[in-house]
Participant: 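For reference, the structure I am asking about is given below.
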Amino acid sequence: MDTTRMLTINEVADYLQVPVTTLYRWRCEQGKGPKGIRVGRYIRYRTEDVQKWLRSLEPPDGAIPSRRRHQ
């Protein structure tokens with residue numbers, strides 16, 4: 001990923017393999033998703049902000065947490 005170019009919401013969705021609607025929903029919920037910047041009427045993402053957000057999701061020991069099942 002180019003670290004100097006701003007990413008579009010579609011590019012971030014493709015990179016994270018999530019729907020664009022998920023990114024829009026995360027923007028409405030404070031503290032969820034990578035930090036986006038409004039440029040005019042568009043939302044752009046800095047590559048380093050996306051990477052920083054991904055690192056924040058990693059557990060401290062590097063283990064992948066198991067999914068909880070709702071009963």
Participant: With the threshold set at 4.0 Å, does a side-chain nitrogen-carboxylate oxygen contact exist between E11 and R5?
Facilitator: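 Salt bridge: yes.
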
Participant: Under the side-chain contact (heavy atoms from CB on, under 4.5 Å) test, which residues partner R41, sequence neighbours left out?
Facilitator: none

Participant: For K52, give me all partners under side-chain contact (heavy atoms from CB on, under 4.5 Å), at least two apart in sequence or on another chain.
Facilitator: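 Residues passing side-chain contact (heavy atoms from CB on, under 4.5 Å) with K52: R55.
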
Participant: Does some side-chain heavy atom of P34 sit less than 4.5 Å from a side-chain heavy atom of L23?
Facilitator: yes

Participant: Looking at L16, V20, D14, which hits side-chain contact (heavy atoms from CB on, under 4.5 Å) with V18?
Facilitator: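 That would be L16.
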
Participant: Can you sort out the partners of Y42 under side-chain contact (heavy atoms from CB on, under 4.5 Å), two or more places apart, ordered by chain and number?
Facilitator: R44

Participant: Not counting sequence neighbours, which residues clear side-chain contact (heavy atoms from CB on, under 4.5 Å) with Q17? List them please.
Facilitator: none

Participant: Does M6 sit in a hydrophobic cluster with other residues, and if so which ones, taking ILVMFWY side chains as linked at heavy-atom separations under 4.5 Å, directly or through other members?
Facilitator: I37, V39

Participant: Holding to side chain to side chain donor-acceptor pair (under 3.5 Å), I want the full list of residues that pass it with K32, two or more places apart in sequence or in another chain.
Facilitator: E29

Participant: If you round to the nearest 0.5 Å, how far is CH2 of W53 from CH2 of W26?
Facilitator: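 Result: 4.0 Å between the selected atoms.
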
Participant: Go through it in stages, so that I can follow the logic: the residues are Y24 and I9, the test is side chain to side chain contact (heavy atoms under 4.5 Å, CB included), and I'd like the CA-CA distance, side-chain angles, deciding distance and then a yes or no.
Facilitator: CA-CA 9 Å; Y24 281 116; I9 197 163; 3.7 Å; yes

Participant: Can you give me the closest heavy-atom contact between A13 and P19, atom names plus distance?
Facilitator: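 The answer is CB-C, 4.2 Å.
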
Participant: Which atoms form the tightest heavy-atom contact between Y45 and R27, and what is the distance?
Facilitator: OH-CD, 3.8 Å

Participant: So, taking the atom named OH in Y15 and the one named OG1 in T47, what distance separates them when rounded to the nearest 0.5 Å?
Facilitator: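 Going from the OH atom of Y15 to the OG1 atom of T47 covers 8.5 Å.
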
